[in-house]
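Report on one structure; see the data block that follows.
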Amino acid sequence: MKFKRVILLTLMIALLLPTILVSAHDGHYNPGGFAGAKVLKYWRDASVQSAGYHNRVDSAYSKWNNISTNVNISQYTTEPQYGSIAVYAGPISGSTVYAVADYYVYGLFGLQQVGVGDPRDRTRIRINTPQMNKLSSTQSLDVMIHEFGHALSLKHNDDSGASVMKEFELTTYGTPQQTDKDHLKQKWGN
């Protein structure tokens, strides 16, 4: 009888351990995101260059490459559909944010917006130019790095420590910090 209890307990632990380990880290990233994508396609609309943000946006996406072997973002010159991050610039009516990320899937009737934690086919990053124009170039670069972090399923990180994923802090790091890299690896693997 004791042997059966030990086996049952061992099986229960084996079944629950992956859930416990994932739960320990999923506070830093959303469970959804690009399903199984290893190569993500980045494209920027002409509005980004017209607004003068093309160099910062190009730099921001490249900062996330090679952190995880499972995340590779390549720039495309034509607008891709699936597994894509598309960036646009212009005013966002009534908004005081610097930029925002929205998430979409392709459905029967075209793009349909989904929630932040849902699986997605596309992320759209919108630069709110009236607000972004108030920032220094180093601050706006970090805003773009922050939004690409959201595109890669990272949540705001308001824990202590350096992070470009802070919600209400304008940073000037110029690159994802070690905490951000660790969270990306927790989501996507090494």
Side-chain angles (χ1 to χ4, degrees), residues 22-23 25-48 51 53-54 56-65 67-68 70-129 131-132 140-158 163-168 176 179-189:
V22 168
S23 296
H25 299 295
D26 69 0
H28 300 294
Y29 59 82
N30 292 302
F34 294 104
K38 288 197 179 231
V39 177
L40 298 173
K41 302 163 190 138
Y42 152 65
W43 171 81
R44 60 176 158 78
D45 182 70
S47 60
V48 176
Y53 288 102
H54 56 287
R56 278 166 268 182
V57 173
D58 290 351
S59 178
Y61 94 85
S62 69
K63 302 288 184 178
W64 290 103
N65 274 333
I67 293 172
S68 165
N70 294 320
V71 175
N72 183 4
I73 308 170
S74 299
Q75 185 171 6
Y76 279 59
T77 56
T78 57
E79 186 174 3
Q81 301 300 315
Y82 294 95
S84 64
I85 303 169
V87 183
Y88 300 85
I92 300 175
S93 181
S95 179
T96 59
V97 299
Y98 300 113
V100 66
D102 306 309
Y103 312 100
Y104 297 87
V105 294
Y106 283 98
L108 186 58
F109 302 105
L111 283 173
Q112 298 172 336
Q113 192 165 2
V114 295
V116 67
D118 294 327
R120 66 186 75 118
D121 297 319
R122 182 181 180 96
T123 297
R124 177 183 69 173
I125 296 174
R126 294 180 291 153
I127 300 169
N128 189 6
T129 51
Q131 295 299 317
M132 191 75 98
S140 60
L141 171 61
D142 273 23
V143 168
M144 294 314 307
I145 294 169
H146 176 100
E147 294 305 325
F148 274 97
H150 284 317
L152 296 170
S153 299
L154 295 185
K155 291 182 178 181
H156 287 132
N157 173 24
D158 293 322
S163 172
V164 294
M165 298 307 296
K166 298 278 185 187
E167 186 171 12
F168 298 111
T179 299
D180 306 314
K181 294 174 184 180
D182 292 344
H183 293 165
L184 187 77
K185 288 178 183 178
Q186 288 168 2
K187 166 65 179 171
W188 292 93

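Being a predicted model, the structure only gives us computed values, none of them experimental. Both backbone and side-chain heavy atoms feed into the values below; hydrogens, waters and symmetry mates do not. All residue numbers in this chain count up from 1 along the given sequence.
With a 4.5 Å cut-off on side-chain heavy atoms, P176 and L184 do not count as touching. Side-chain atoms of L40 and Y61, non-hydrogen and from C-beta on, never get closer than 4.5 Å to each other. You'll find the side chain of L111 stays beyond 4.5 Å of the side chain of R124, heavy atoms only. Side-chain contact between W188 and I67: absent, with no pair of heavy atoms (C-beta onward) separated by less than 4.5 Å. Side-chain contact between D58 and R44 is present, with at least one heavy-atom pair separated by less than 4.5 Å. Taking the side chain as every heavy atom from C-beta outward, K155 and V116 never approach each other to under 4.5 Å. Two residues are said to be in side-chain contact when any heavy atoms from C-beta on lie closer than 4.5 Å; I127 and V87 meet this criterion. A 4.5 Å side-chain heavy-atom check between R120 and Y104 finds every atom pair outside the cut-off.
In terms of heavy atoms, F148 sits closest to A60 at CD1-CB, 4.0 Å. Listed here is the closest heavy atom pair of G107 and Q112: CA-OE1, 4.0 Å. Considering all non-hydrogen atoms of both residues, V57 and Y42 come closest at CG1-OH, 3.0 Å. The two atoms that bring N128 and I92 nearest to each other are OD1-N, 2.9 Å, heavy atoms only. Taking both residues in full, the closest heavy atoms of F34 and S84 are given as CZ-O, 3.4 Å, listed atom of the first, atom of the second, then distance. The shortest non-hydrogen separation linking S153 to G32 is OG-O, 3.4 Å.
Ring-plane geometry between H183 and H28 is classed as parallel, the angle between the planes falling under 30 degrees on a 0 to 90 degree scale with a further cut at 60. The aromatic rings of W43 and Y88 sit perpendicular, their planes meeting at an angle over 60°, well past the 30° parallel limit.
For T123 (side chain) and I85 (main-chain N/O), no donor-acceptor pair under 3.5 Å exists by modelled atom type. In this structure, N157 contributes its side chain and S163 its backbone to no donor-acceptor pair below 3.5 Å. Put simply, the side chain of K187 gets close to the backbone of P31: a donor and an acceptor are under 3.5 Å apart. Remark: the backbone N or O of I73 is paired with a side-chain donor or acceptor of N65 at under 3.5 angstrom. Using a distance-only test at 3.5 Å, with no hydrogens or angles considered, a donor-acceptor pair links the side chain of D45 to the main chain of S47.
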Determine, step by step, whether Q81 and Y106 satisfy the side-chain contact (heavy atoms from CB on, under 4.5 Å) criterion, reporting the C-alpha distance in whole Å, the side-chain angles of both residues, the deciding distance to 0.1 Å, and the verdict.
CA-CA 9 Å; Q81 301 300 315; Y106 283 98; 2.3 Å; yes
Under the side-chain contact (heavy atoms from CB on, under 4.5 Å) criterion, do L152 and Y29 qualify, and how do the steps go?
CA-CA 9 Å; L152 296 170; Y29 59 82; over 6 Å; no
Worked check of side-chain contact (heavy atoms from CB on, under 4.5 Å) between S59 and L141:
CA-CA 8 Å; S59 178; L141 171 61; 3.9 Å; yes
side-chain contact (heavy atoms from CB on, under 4.5 Å) between Y53 and V143, worked out:
CA-CA 11 Å; Y53 288 102; V143 168; over 6 Å; no
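Atom-to-atom distance recorded for E167:CD and H146:NE2 is 7.5 Å, nearest 0.5 angstrom. If you take NE2 on H150 and CD1 on I125, they are separated by 9.5 Å, rounding to the nearest 0.5 Å. Here the straight-line distance linking atom NE2 of H156 with atom CZ of F168 works out to 7.5 Å at 0.5 Å rounding. Atom OG of S68 is separated from atom CG of D182 by 11.5 Å, given to the nearest 0.5 angstrom. Note that CG of D142 and CZ of R56 are 11.5 Å apart. Values are rounded to the nearest 0.5 Å. For the atom pair N70 CG and K185 NZ, the distance stands at 11.0 Å (nearest 0.5 Å).
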